[in-house]
Amino acid sequence: MRRTLLRRAGVLALDYLYAGRYQLRAVFDRSAPDALVAGAGHRAPVVLLPGIFETWRFLRPLAQHIHGSGHPVHVVTALEDNRMEVPEAAALVARHLAEHDLHDVVIVAHSKGGLIAKYLMGMPDSGPRIRTAVTVATPFAGSPLARFIPIPSMRSLLPTAPGLLRLALSRAVNAQIVSVWGWFDPHVPGGSRLEGARNIELDVGGHFRILARPELLAIVDEVLAAAD
C-alpha cells in the first residue's frame, strides 16, 4: 500500500511538471498552425483536439510527431482553450471539416477532446467524414473530481451531467474509437474504458505526460498506418 501511494504521488508530481512545462511553452509559442498542414504528404488527414483548458499548442509535440510521419495535421483555433460545451465545440470542428472538405479523417484527441470527437462522429454531416479516433485519457464516464471546480465547463464533466449521460447512451460510433489511458489518471480516476471501443490501458501514469510517451505514439502510428 505504501509503495502504491508513493508511486501515485510520484506520478502526480511528474504529471503536473509536464503540464506546467508545456502550458508555459504554449503561452510563448507563436508558430502558425498552417505549418502543420503545409509540406505534409498525401496520407490521411488528422484533426487534433485538445482537452479542457488546453489550446492546440499544448499538443504540439504530438502534432509534430504526426506531421513528421507525412500526415497533414489540422487544428481548430476557434476552440481556443476548449472551455465551451461539447456540442458547441463539435459544431466548430464540423465547420472546419466542411470548409476544408476533409474526408477519411483520423481524430487524435486528449481528455475532453475525446468527448467532442465522439459527439462529432455521431453528427449526420460530419460522421461520414471521420474514419476513426484515438482518444487519450478521455472521461467517457465523467470524472467525480469535476465537482471541485465550480465552473459550468467543468461541471459538464460530472458523471451525472445530462449531456454526458446522453453521449454515453449513443454507442453507434464506439467501435470506431481507440481509447487509451494510463494505469493511474489523477483527473479521471475511473479510467477511460468505452463499451464497444478498442480499449488500451498502458503501464503509464498520469493524465498529461502520457501524451509524449513512446507507447502512445506507437498506437497512434499503428492507427494512422491502417488509415492509409
Side-chain angles (χ1 to χ4, degrees), residues 7-8 10-23 25-26 29 36 40 43-75 79 82 105-118 120-121 130-141 143 173-194 196-228:
R7 188 183 180 197
R8 292 191 177 206
V11 165
L12 191 62
L14 291 171
D15 207 35
Y16 282 113
L17 186 64
Y18 177 96
R21 177 186 178 190
Y22 282 97
Q23 285 285 24
R25 282 190 177 188
D29 186 350
L36 294 171
R43 302 187 71 185
V46 174
V47 173
L48 205 65
L49 298 180
I52 192 169
F53 303 128
E54 298 170 4
T55 68
W56 70 268
R57 288 185 169 89
F58 183 75
L59 302 181
R60 173 169 286 283
L62 184 56
Q64 289 175 324
H65 174 84
I66 296 169
H67 184 258
S69 300
H71 295 269
V73 179
H74 291 256
V75 299
L79 290 176
N82 202 4
V105 171
V106 177
I107 295 178
V108 179
H110 179 232
S111 194
K112 178 189 171 185
L115 300 178
I116 297 169
K118 183 181 175 184
L120 186 71
M121 293 165 78
I130 302 166
R131 179 162 184 164
T132 188
V134 179
T135 62
V136 185
T138 292
F140 287 112
S143 173
V173 302
N174 287 11
Q176 295 173 252
I177 296 174
V178 180
S179 180
V180 186
W181 69 96
W183 70 271
F184 169 57
D185 186 334
H187 289 258
V188 188
S192 300
R193 183 171 297 278
L194 178 65
R198 178 186 173 193
N199 293 291
I200 304 173
E201 181 179 315
L202 298 178
D203 189 23
V204 177
H207 186 72
F208 302 107
R209 69 190 189 109
I210 188 175
L211 292 166
R213 291 298 297 255
E215 299 94 324
L216 173 68
L217 299 181
I219 292 168
V220 172
D221 290 343
E222 174 199 329
V223 172
L224 291 175
D228 287 334

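Just so you know, these numbers use all the heavy atoms, side chains as well, and skip hydrogens, waters and symmetry mates.
Counting all heavy atoms, side chain and backbone alike, A109 lies closest to G114 at CB-N, 3.5 Å. Residues V106 and A227 share a closest heavy-atom pair of CG2-CB, 3.7 Å. The two atoms that bring P50 and W56 nearest to each other are CG-N, 4.1 Å, heavy atoms only. In terms of heavy atoms, D228 sits closest to A44 at OD1-N, 3.1 Å. When all heavy atoms of W181 and I210 are compared, the pair lying nearest together is C-CD1, 3.7 Å. The two residues V73 and A63 make their nearest non-hydrogen contact at CG2-O, 3.8 Å.
Of the possible polar contacts, one joining the N199 side chain to the L194 backbone as a donor-acceptor pair under 3.5 Å is found. Remark: side-chain polar atoms of T132 are not paired, donor with acceptor, to backbone N or O of I177 under 3.5 angstrom. Here the side chain of S192 pairs no donor or acceptor atom with the backbone of S179 at under 3.5 angstrom. Between the H65 side chain and the A212 main chain, no donor and acceptor come within less than 3.5 Å of each other. With R209 contributing its side chain and L14 its backbone, the two residues share no donor-acceptor pair below 3.5 Å.
By the 4.5 Å heavy-atom criterion applied to side chains, N174 and K118 are counted as neighbours. Side-chain atoms of V204 and L216, non-hydrogen and from C-beta on, never get closer than 4.5 Å to each other.
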Run the side chain to side chain contact (heavy atoms under 4.5 Å, CB included) test on V173 and I130 for me, step by step, so that the C-alpha distance in whole Å, both residues' side-chain angles and the decisive distance to 0.1 Å come before the verdict. CA-CA 10 Å; V173 302; I130 302 166; over 6 Å; no
Check step by step if salt bridge (Lys or Arg N to Asp or Glu O under 4.0 Å) holds for D221 and R43. CA-CA 12 Å; D221 290 343; R43 302 187 71 185; over 6 Å; no
Checking side chain to side chain contact (heavy atoms under 4.5 Å, CB included) for the pair E54/N82: CA distance, chi angles, key distance, verdict? CA-CA 6 Å; E54 298 170 4; N82 202 4; 6.0 Å; no
Would you check, one step at a time, whether the test side chain to side chain contact (heavy atoms under 4.5 Å, CB included) holds for K112 with F53? CA-CA 10 Å; K112 178 189 171 185; F53 303 128; over 6 Å; no
Let me see the working for I66 and L217 under side chain to side chain contact (heavy atoms under 4.5 Å, CB included), right down to the final yes or no. CA-CA 9 Å; I66 296 169; L217 299 181; over 6 Å; no
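Considering CD1 of I107 and CD1 of I116, their distance stands at 9.5 Å, rounded to 0.5 Å. Of the inter-residue distances, the one linking L48 atom CG with H71 atom NE2 reads 13.0 Å to the nearest 0.5 angstrom. Rounded to the nearest 0.5 Å, atoms CD (E201) and CZ (R193) are 7.5 Å apart. A distance of 6.5 Å separates CD1 in I219 from CZ in R198, rounded to the nearest 0.5 Å. To the nearest 0.5 Å, atoms CZ (R131) and CE (M121) are separated by 11.5 Å. The distance from the CG atom of L202 to the CZ atom of R213 is 8.5 Å, given to the nearest 0.5 Å.
Pairs engaging residues 12-23 under the side-chain hydrogen bond (donor to acceptor under 3.5 Å, both in side chains) rule: Y16-H187 [sequence neighbours left out].
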Output a table of donor-acceptor pairs, distance under 3.5 Å, between side-chain atoms of residues 133-140 and any protein atom two or more places apart or on a different chain; print 'none' if there are none.
residue	atom	partner	partner atom	Å
T138	OG1	S111	O	2.9

